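A short write-up of the structure that comes next.
In what follows, chains are A, B, ... by sequence order, proteins preceding strands, each numbered from 1. Quantities reported herein were computed from a predicted structural model and do not represent experimental measurements.
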Amino acid sequence: MPERPSLEGLEQKWGAVWERDGTYRFDRSAPRERVFAIDTPPPTVSGSLHVGHVFSFTHTDTVARYQRMRGREVFYPMGWDDNGLPTERRVQNHYGVRCDPAVPYNPDFVAPVGGGADAGKEPVSISRPNFVELCLTLTESDERAFEQLWRTLGLSVDWSLTYTTIGRRAQRLSQRSFLGLLERGQAYQLEAPTLWDVDFQTAVAQAELEDRERPGAMHRVRFARAGDCAADPDDAEPALIETTRPELIGACVALLAHPDDERHAGLVGGEALTPLFGTRVPVLSHPLVERDKGTGLVMVCTFGDLTDVTWWRELGLPVRALLGQDGRLLDVPWGAPGWESADVERARASYGELVGRTVNQARRAIVEQLAASGDLIGEPQPVSRAVKFFEKGERPVEIVTSRQWFIRTLEHRERLLERGAQLRWHPPYMRARFEDWVSGLTGDWCISRQRFFGVPFPVWYPLDAGGAVLYDQPIAPTPERLPVDPSTDVPDGYEPAQRGQPGGFVGDPDVMDTWATSSLTPQIAGTADEGEDAPGAPGAGGLAGAGGEGGGGLLAKVFPMDLRPQAHDIIRTWLFTTVLRSQLDHDELPWANAAISGWVLDPDRKKMSKSKGNVVTPMHLLEEHGADAARYWAASGRPGTDTAFDAKQMKVGRKLAVKLLNASKFALADLPIPPGGERAPGEQLTHPLDRALVARLAGVVREATDSFERYDYARALERTETFFWWYCDSYVELVKGRRYDADPQVSASVGLSLRTSLSALQRLFAPFLPFACEEVWSWWREGSVHRAPWPAAEELEALLEPGAEQRAREELALTVTVEVLAEVRKAKSQARRPMRAPVTRVAVRDTEPRLAALELGAGDLRQAGAIETLERLPGEELAVEVELAPAEDA
RNA sequence: GGGCGCGUAGCUCAGUGGGAGAGCGCUCGCUUCACACGCGAGAGGUCGCUGGUUCAAUCCCAGCCGCGCCCACCA
């Protein structure tokens, strides 16, 4: 036991011991019912972890440590989500490269030195395999840094179970699951209007959209009436629409009014001519049109927003697409079929100024044209409106038609809602977010991305004699070949030279969305025994192993898992897709519990973000305050609740950890420690106050345990902490006299009480302050506190005398004794005297039962208060007179 | 527009159908034999507003106001 206990260096000291002893190693021989499996969120590997990660991962770690101490064999892996767009973008910037699938693989390629955006050089085009190699190199170094941080924070993960979402094992599982879905008709391909990010040039999913307020302008535009009236233009009342997207007038395929809107009843059923381009479009009605918006007449374009898609589909409108995949206006053949115009020359002339322009450029240009032609009515009115963005994108998403892979989702909606109801949510109200999302789904899940660093779709397509791709006849590899990359691998029965040749084959060029793989994290983590290079599982189709049929593998032991911890912002993505995939592949929930963490907000209650520069780097945090202190702050944030970043809370946590060191030192120093630590055979709690203390402690243990069972780690901490400070300030002060008594008969009971209480407190704090607790445990106990059993209220109560009446009297004795001691302290404090100042006489007036109880604590009270005479007088309520001895120097 | 959560001391937040709490900060005091990262004492609040249920409401119910988040067919 050190002379002056300190927190310094405990992270390194105990981190090394835990690693050496395999303290957190998952024991694969444990029976299924003892296993507690956690589906750890794999952090995105694209730079650095932030304070929010420390926050939520600490929550999970406290639960993991609690369960381990409860005797569960905890399956607690770490994963790295290194698959996907954020990594690609980071690699592009870091190395100054760009992936071009047309470039051949260069085995001797060396990453450019001093590349990157800051070098101001044009990015170097490299092949997809070279690009993927760079992604792997960069993520590897990030992952080492992440692991170091987690180890310093004291996460009790089993590092031998680490997986990555781009690793061969994840790819194999992801592809195997996809092929199963394809075989069962749950995955399909479709050419359809798709949400599209024009910068990344990839499809995106509904779940990856977010709204952003953007300034825009509302333009009132005149459409001439076509048909009979066209012969007599002066007679024809024009059709007025309002739009924020005038650049899409050329893509207009109809005008719509509400069926009950009498103002436009005369128009409906007729036709109108688009301004500038002179295209005939029908005027129709649809109930989704809102009469009080704009003029009540709306232009349908292919496609300005998701509502346009609805109208286009429901009304069977044609496609007149203007926007290309790069977000620029396409060159379209005015006058050709589908592009008819009442004035082809004028249409070509107008459009000539728009073609090749971006959306914003084209909008400015067409507004000038409309103004010049008189078709723009009034000035554009500035408006602020919500625009849909890809959450990682910088320009609004567009809707373009493309071929994509989908997983059937809508038809499983009811079943998914049932699954959501079966899942135990912590806190329970988070379930509403899941249900809102499932109920609001409008389409199946688009999982294909036109990117490079991801899991490829494991299919090829035959080419017919004319070189056309036969998309409806995909060629799948046999399971033993997985994972495959169809851009380099060749399907069975073909030669490499046949790639791209008529009668040959092509590989699917796309990769899966990152969620399409991370939605399988329970299965990926649970197949750690397969190894990275194991062949595909035997048997076609779905995943083998889960469900336990014959398989003695790891997966059968850990799946379905016990706990999915995650933050609330990814309920609609990660949580939802994991439930969906587990439903489709296993027809069951992937876990029994979902524990949802809040976010870390900056002190202004805004979400922390790098752009604001208010982010504190986690490692710096741990170095300054210590891991236990940071964990204390995190664990004080209640489940599901956003918490402001607060360094002051960390200081409080640090004080608590230091206090635990010192209290343990006081309690244990020079105290005989029997073998086994707490209690020698035959030892008894002979003093009523000691029994009362242990009884109270049993109540705290019960509350902490109940709280943890409900995943309310914060309450467990709060109860333990409150008790602990009271214990130090009141109980320990009260019994110091007996603690140091020369007569072993007198001190024995305190010794047992201190050993018993410290043992319980050190274990109660262990999930929160793992380093300080391990340190104090090591002073007097064998083995790790983190493998010690969680304290049990029953064991503590076994030390007490039976009899409720006696327990109540002793509990009252502790209460009254502490109350009187407080009065004595108050008198000394108000007299500005030290706490050890002697007291000649204390007269306590109180009710008879309380005075009787006080008698049980009178001896300790006299010693703690330095009281000469203690008188007990009958009274109505507690009143204490204190006569201090004269100060020596007064 | 819909849903969820929140609104308690200057700050951060617990809490309960019957006495309004903690930590930090502030004031005053104490070198008490584990700890000055300590100990003791104290000041400080119409528990968002308005109704209702109840003997009794900070807590339960309704409405409103404010904040945050999620969702929405935002032309």
Around atom CG of A:D260, are there more than 12 heavy atoms of other residues, nucleotides or ligands at under 6.0 Å?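 For A:D260, atom CG is crowded (more than 12 foreign heavy atoms under 6.0 Å).
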Would you indicate whether A:E213, at its atom CD, is surrounded by more than 12 heavy atoms from other residues, nucleotides or ligands within a distance under 6.0 Å?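 Above 12, so yes.
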Rounded to whole angstrom, note down the [atom1] distance from [N] over to [M].
{"N": "B:rG18", "M": "B:rA57", "atom1": "C1'", "value": "10 Å"}
{"N": "B:rG23", "M": "B:rC61", "atom1": "P", "value": "31 Å"}
{"N": "B:rC65", "M": "B:rU27", "atom1": "P", "value": "42 Å"}
{"N": "B:rG51", "M": "B:rG10", "atom1": "P", "value": "25 Å"}
{"N": "B:rU16", "M": "B:rC33", "atom1": "C1'", "value": "41 Å"}
{"N": "B:rG21", "M": "B:rG15", "atom1": "C1'", "value": "7 Å"}
{"N": "B:rU46", "M": "B:rG25", "atom1": "C1'", "value": "24 Å"}
{"N": "B:rG68", "M": "B:rU12", "atom1": "P", "value": "15 Å"}

With sugar-phosphate meaning primed atoms plus P, OP1 and OP2, does [X] contact a base, only sugar-phosphate, or nothing at under 4.0 Å between heavy atoms?
{"X": "A:L288", "result": "base"}
{"X": "A:V300", "result": "nothing"}
{"X": "A:V309", "result": "nothing"}
{"X": "A:K659", "result": "base"}
{"X": "A:V652", "result": "sugar-phosphate"}
{"X": "A:C301", "result": "nothing"}
{"X": "A:T310", "result": "nothing"}
{"X": "A:R832", "result": "sugar-phosphate"}
{"X": "A:K388", "result": "base"}
{"X": "A:Q649", "result": "nothing"}
{"X": "A:W311", "result": "base"}
{"X": "A:Q206", "result": "sugar-phosphate"}
{"X": "A:M430", "result": "nothing"}

Would you indicate which nucleotide in [options] comes nearest to any side-chain atom of [X]?
{"X": "A:W725", "options": "B:rG15, B:rA34, B:rC39", "result": "B:rC39"}
{"X": "A:D436", "options": "B:rG15, B:rG3, B:rC39", "result": "B:rG3"}
{"X": "A:T307", "options": "B:rU12, B:rA75, B:rC73", "result": "B:rC73"}
{"X": "A:R433", "options": "B:rC70, B:rC35, B:rA75", "result": "B:rC70"}
{"X": "A:K648", "options": "B:rA75, B:rC11, B:rG42", "result": "B:rC11"}
{"X": "A:K293", "options": "B:rC30, B:rC74, B:rA41", "result": "B:rC74"}
{"X": "A:A663", "options": "B:rA34, B:rG3, B:rA75", "result": "B:rA34"}
{"X": "A:A822", "options": "B:rG23, B:rA41, B:rC69", "result": "B:rA41"}
{"X": "A:H568", "options": "B:rC69, B:rA34, B:rA72", "result": "B:rC69"}
{"X": "A:V658", "options": "B:rC37, B:rA34, B:rA75", "result": "B:rC37"}

Salt bridge or not for A:R825 and A:E823, using N-O below 4.0 Å?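 A salt bridge is absent here (no side-chain N lies under 4.0 Å from a carboxylate O).
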State whether A:R654 and A:D628 are salt-bridged, where the test is any N-O pair (Lys NZ or Arg NE/NH1/NH2 against Asp/Glu carboxylate O) under 4.0 Å.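 No.
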Just to confirm, is there a sub-4.0 Å distance from OP1 or OP2 of [N] to any side-chain nitrogen or oxygen of [X]?
{"X": "A:K828", "N": "B:rC39", "result": "no"}
{"X": "A:R836", "N": "B:rU32", "result": "yes"}
{"X": "A:K826", "N": "B:rG42", "result": "yes"}

In whole Å, I'd like the distance from the [atom1] atom of [X] to the [atom2] atom of [N].
{"X": "A:L661", "N": "B:rG38", "atom1": "CG", "atom2": "P", "result": "13 Å"}
{"X": "A:R4", "N": "B:rA34", "atom1": "CZ", "atom2": "C1'", "result": "10 Å"}
{"X": "A:L884", "N": "B:rG29", "atom1": "CG", "atom2": "P", "result": "17 Å"}
{"X": "A:Y429", "N": "B:rC4", "atom1": "OH", "atom2": "P", "result": "12 Å"}
{"X": "A:L209", "N": "B:rC74", "atom1": "CG", "atom2": "P", "result": "14 Å"}
{"X": "A:E247", "N": "B:rA75", "atom1": "CD", "atom2": "C1'", "result": "12 Å"}
{"X": "A:L441", "N": "B:rC73", "atom1": "CG", "atom2": "C1'", "result": "15 Å"}
{"X": "A:W726", "N": "B:rA22", "atom1": "CH2", "atom2": "P", "result": "16 Å"}

For A:L660, is there any backbone N or O sitting under 3.5 Å from a side-chain donor or acceptor partner on A:S664?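 Answer holds: yes.
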Output field: ring centroids [X]/[Y] closer than 6.0 Å:
{"X": "A:Y727", "Y": "A:F666", "result": "no"}
{"X": "A:W599", "Y": "A:F55", "result": "no"}
{"X": "A:F765", "Y": "A:F724", "result": "yes"}
{"X": "A:W437", "Y": "A:F434", "result": "no"}

In dot-bracket form, 5' to 3', how is RNA chain B paired? Count Watson-Crick and G-U wobble pairs only if both distances fall under 3.5 Å, and write | where the partner sits on another strand. (((((((..((((....[..)))).(((((.......))))).....(((((..]....))))))))))))....
Flag this pair as yes if the NZ/CZ of [X] is under 6.0 angstrom from the six-membered ring centre of [Y] and inside a 45 degree cone about the axis; otherwise no.
{"X": "A:K655", "Y": "A:Y632", "answer": "no"}
{"X": "A:R212", "Y": "A:F389", "answer": "yes"}
{"X": "A:R433", "Y": "A:W425", "answer": "no"}

Taking atom types as they are modelled, is there a donor-acceptor pair under 3.5 Å from the base of B:rC37 to the side chain of A:K651?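 By the distance-only test, no, there is no pair.
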Within the modelled atom types, does a donor on one side and an acceptor on the other bring the side chain of A:D211 and the base of B:rC74 under 3.5 Å apart?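 Indeed, a donor on one side and an acceptor on the other fall under 3.5 Å apart.
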Map A:E210 and A:E290 onto RNA chain B by nearest heavy atom, then report which one ends up closer to the 5' terminus.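 Here A:E210 is the residue nearer the 5' end.
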Which sits closer to the 5' end of RNA chain B, A:R715 or A:A207, going by the nucleotide each is nearest to?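 Whichever sits nearer the 5' end wins; that is A:R715.
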